[in-house]
Amino acid sequence: MSMDNREIARMLDETADILEILGENPFKVRAYRKAASNINRLETDLREIWAQGRLGELPGVGKAIRAKLEEIMTTGDLRYYRELQKKVPPGVTEMLAIPGLGPKTIGSIYTQTGIDSLEKLYQAARDKKLRELPGIGAKTEYNVKKGIEMLRSLGETVTLGTALPLAEEFKDYLKGYDYVEAVEIVGSIRRGKPLVGDIDLLVASNSENLVREAVKRFRRLREIGKESQGYIAGKLGLGVDFEVIIVSPSDFCLAVMLATGSRGHREKLVQEMEGLDVSGASTEADVYGLLSMQFIPPELREDRDEIEQARQHCLPELVKLGDLRGDLHIHTSWSDGASSLEEMVAAARRLGYSYMAVTEHSRSLSVSRGLDEERLMNQVRAIQEINRSLDDFTVLTGIEVDILKDGRLDLPDEILEQLDVVIASVHSHFRLSRQEQTERIISAIKNEHVDIIGHLTGRLLLRRPGYEVDVEAIIEQARKFRTALEINSHPDRLDISEEVARLARDAGVKVAINSDAHHHADMSLVTYGVLDARRGWLRKEDVINTLETGELLAYLRNK
DNA sequence: GCCGTTTTCGGCCCGACTGTTTTCAGTCG
C-alpha cells in the first residue's frame with residue numbers, strides 16, 4: 001500500500017510514542033517527532049523527494065530515518081515499527097492521551113500488570129487496583145478514570161484538520177473521471193465543524209457502478225465496508241471513515257442540500273418544501289430562493305436562527321478568506337518557530353497579505369526560548385531593517401506576552417508600549433479556579449497596551465478541554481477596554497470557539513483571525529480560523545485583520 | 001537519532017507544578 005506524507009508522519013510519531021514508553025533516550029524520541037512534524041508540513045509528496053534522491057536533505061532526517069523512509073517507500077511498511085508494536089501494543093500508546101498520565105507511568109503500568117487497552121485500564125481504576133502500584137495514588141487513579149471518560153465522550157471523531165485535506169483529495173480524485181459529472185463534500189465537513197465523524201461525498205453520475213469501482217482504486221483507501229446500489233462506505237488512511245453516495249445528475253443539487261445538513265436544518269427545510277416543486281432548481285441558491293429565503297452558507301446550517309433570519313433577508317455577510325489582509329500572530333526562529341523571520345515574511349507575501357505581526361513568546365516561557373527585553377529590542381531593530389527594504393508590505397513588531405499567574409504581564413509597560421501589536425496569552429497554571437482564571441485574564445485585558453487576548457481557553461481538541469473561564473465576564477471587559485479576542489486558527493485549537501465568537505460579535509468585541517504559525521507552511525491554517533469565524537456569524541467588519549495597513553495601525557493606536 | 005562558521009562527539013529546551021513521597025520522579029507547556 002502506498003502511504004502519503006501524513007500517514008508516514010503518523011507512523012514516525014507512533015514510533016516515538018512507543019520509544020518513549022520504553023524509556024528510550026528522550027533526544028532520540030524527539031528526533032522522530034521532529035522528522036514527523038517536518039514531513040507533515042511538506043508541500044511536496046515524499047515519494048517525489050525520494051525519487052529525486054533528496055530524502056537526506058530534509059531537516060531532521062539523517063542516516064537512520066532516511067533508511068526507514070526508503071523502506072516505507074519500497075515496501076509500504078516499516079519493520080522497526082512493527083517490532084516495536086509487539087513490545088508496546090497500540091492500546092498502550094493510546095493511554096498517552098489521558099491527561100496527567102505520561103510515558104513513564106504508562107510503561108510501569110503495562111510492564112507490571114499487562115493492561116493493554118483503555119478499557120482494561122478503566123476497569124482497573126474503577127476497581128481501585130491502580131493505586132496498589134508504586135508511584136500511583138488515589139488522585140492519579142481518579143484522574144485516569146476521568147481522563148478515559150473524557151476520551152470516550154469525544155467518540156470516534158477526528159479534527160477537521162485531519163479530515164478536510166483527505167476529503168478534498170478524494171473529491172479531486174473522483175472529479176478526474178469523465179463519468180463523474182460533479183462531486184461535493186457534504187455533511188459536517190462542508191459545514192466546517194471542528195470535529196467530524198467521517199467524510200461524506202456526494203457524486204453525480206449516470207454510471208454508479210464505475211464510480212464504485214473508482215472509489216476502490218483511490219490510493220488512500222484502506223478498507224471497503226458496506227456497499228449497495230448508489231452507495232459505498234469504508235475507511236481511508238489515518239483511520240478516517242467515509243461514505244460516498246452516488247445520485248443521478250438531475251437529483252444532485254437537492255441531494256447536496258439535504259446531505260449537507262445539519263439534521264435540524266434539513267428537517268426544517270423539508271417542512272418548508274412541502275407542497276413545493278423544487279425539481280427545477282439547479283443550485284442551492286435557487287432552492288432557498290423558491291423558499292423565499294436568502295442563500296444560507298453551509299457554516300450557518302446548524303438549526304440556530306438561520307432559517308428565520310434568511311426568511312427576513314437579514315443574514316450577515318460572512319467574512320471570507322480573501323478579506324484577510326494580514327496575520328497578527330506569528331512565531332519565528334527567534335523563539336520556538338521553525339522558520340526564519342525572512343521565510344515567514346515571504347510566506348505572508350505569497351498569501352497576498354499586506355502585513356504580519358511578529359509575536360514571539362516572552363521570557364517566562366523558557367521552553368520556547370521566550371524573548372527578554374534585550375532580545376526583543378534586537379528583534380524590533382531587525383524588523384525595522386527589513387521594513388526599510390519593503391515598500392508593499394509591513395512587518396509589525398509585537399509580542400505574545402505571557403499572562404503570569406497573578407494577572408501581571410511578563411514584560412513591563414515601557415516595553416509593551418513600543419510595540420505595534422501586543423497579544424497576551426495564558427501558558428501556565430491551567431488549573432486555577434474559574435474566578436481566579438477569569439480575573440487573571442481580565443487584568444491583562446485592562447492593560448492599555450494589550451491589543452489581543454490569545455487562545456482564550458487553551459483548549460486542544462481531542463486532547464484537553466479549555467481552562468475554566470467566565471466567558472461573559474471576559475467579553476464584557478473586552479468590550480469596555482476595546483481588547484480584541486483571537487481566533488487561533490490551528491485546527492487543534494479553534495480558540496475562541498464559534499460559540500464564543502458569536503457572543504463576542506453580539507457584544508461588539510472585535511476578533512483577530514490568526515495562524516499562530518510556527519512554520520511558514522502553517523500560515524495557511526487561517527482557512528480553519530475563517531470557518532470558525534463564519535460558524536460564529538462574523539462579518540468582515542468584526543475582524544481587525546481585514547483592515548488595510550493604515551486602518552489597522554490607526555485602530556491599534558486608538559486602542 | 002540529528003547536527004556542526006565553537007564540535008564528526010557531545011550536546012540537544014528548561015523550569016514549575018503535581019502527586020507521590022518524605023526528598024523527588026514524572027508531566028506539562
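In what follows, every chain begins at residue 1, and chains take the letters A, B, ... in the order their sequences are listed.
Put simply, the residue from Arg33(A), Lys28(A), Lys104(A) that forms a side chain to side chain donor-acceptor pair (under 3.5 Å) with Glu20(A) is Arg33(A).
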**Request:** Could you check Ser515(A) against Asp522(A) for side-chain hydrogen bond (donor to acceptor under 3.5 Å, both in side chains), going step by step and ending with a plain yes or no?
**Result:** CA-CA 7 Å; Ser515(A) 70; Asp522(A) 288 348; over 6 Å; no
**Request:** Would you check, one step at a time, whether the test salt bridge (charged side-chain N to carboxylate O under 4.0 Å, His left out) holds for Asp77(A) with Arg82(A)?
**Result:** CA-CA 8 Å; Asp77(A) 207 355; Arg82(A) 298 294 162 202; 3.0 Å; yes
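One finds no side-chain N or O of His429(A) lying less than 4.0 angstrom from the OP1 or OP2 phosphate oxygen of dA16(B). When the side-chain nitrogen and oxygen atoms of Ser428(A) are compared with OP1 and OP2 of dC28(B), none of them lie within a distance under 4.0 Å. For dC17(B), neither phosphate oxygen OP1 nor OP2 lies less than 4.0 angstrom from any side-chain nitrogen or oxygen of Arg431(A). For Lys104(A), no side-chain nitrogen or oxygen approaches OP1 or OP2 of dA25(B) to under 4.0 Å.
Ranking dG1(B), dG19(B), dC28(B) by closeness to the Lys28(A) side chain, first place goes to dG1(B). Taking the side chain of Phe27(A) as heavy atoms from C-beta on, and the options dG15(B), dG1(B), dC13(B), the nearest nucleotide is dG1(B). Nearest to the side chain of Thr105(A), among dG26(B), dG19(B), dC28(B), sits dG26(B). Comparing dC13(B), dC28(B), dC2(B) against the side chain of Arg30(A) picks out dC13(B) as the nearest.
Using a 4.0 Å heavy-atom criterion, one finds that Val61(A) contacts the sugar-phosphate atoms exclusively. Here Lys34(A) lies out of heavy-atom contact (under 4.0 Å) with every strand. When heavy atoms are screened at a 4.0 angstrom cut-off, Ala138(A) is found touching the sugar-phosphate backbone but no base atom. Nucleic acid contact for Pro134(A): none, since no nucleic acid atom lies under 4.0 Å from a heavy atom of the residue. Among the protein residues, Pro103(A) comes within range of the sugar-phosphate backbone only, with heavy atoms under 4.0 Å from sugar or phosphate atoms but none that close to a base.
Using Watson-Crick or G-U wobble geometry with both donor-acceptor distances under 3.5 Å, dC28(B) finds its partner in dG15(B).
Ring-centre distance between His329(A) and His518(A): not below the 6.0 Å cut-off.
Each of Tyr32(A) and Arg464(A) was matched to the nucleotide of DNA chain B holding its nearest heavy atom; the match closer to the 5' end belongs to Tyr32(A).
Rounded to the nearest Å, the gap between the C1' atom of dC13(B) and that of dC28(B) is 13 Å. With P as the reference atom, dT27(B) and dT21(B) are 14 Å apart, rounded to whole Å. The same atom, C1', is picked in dC17(B) and in dT23(B); the two are 16 Å apart, to the nearest Å. Across dT8(B) and dC3(B), the matching C1' atoms stand 9 Å from one another, rounded to whole Å. Look at the C1' atom in both dG10(B) and dT6(B): the space between them is 13 Å, to the nearest Å. Here the separation of dT18(B) from dC12(B), taken at their C1' atoms, is 26 Å to the nearest Å. The separation of dG1(B) from dT5(B), taken at their P atoms, amounts to 23 Å, rounded to a whole angstrom. For the P atom pair drawn from dG26(B) and dT20(B), the interatomic distance equals 14 Å after rounding to whole Å.
Atoms NE2 (His331(A)) and C1' (dG29(B)) sit 13 Å apart, rounded to a whole Å. Rounded to a whole Å, the CG atom of Asn143(A) is 14 Å from the C1' atom of dC17(B). In this structure, Leu432(A) places its CG atom 13 Å from C1' of dA16(B), rounding to the nearest Å.
Taking only distance into account, the side chain of Asn25(A) meets the base of dG1(B) through a donor-acceptor pair shorter than 3.5 Å.
A cation-pi contact links Arg152(A) to Tyr122(A), judged by a cut-off of 6.0 Å to the six-membered ring centre and 45° from its axis.
The existence of a salt bridge linking Asp492(A) and Arg463(A) is confirmed by a sub-4.0 Å separation between a basic side-chain nitrogen and an acidic carboxylate oxygen.
Annotation: side chain of Val92(A) is in contact with side chain of Ile106(A) (closest heavy-atom distance under 4.5 Å).
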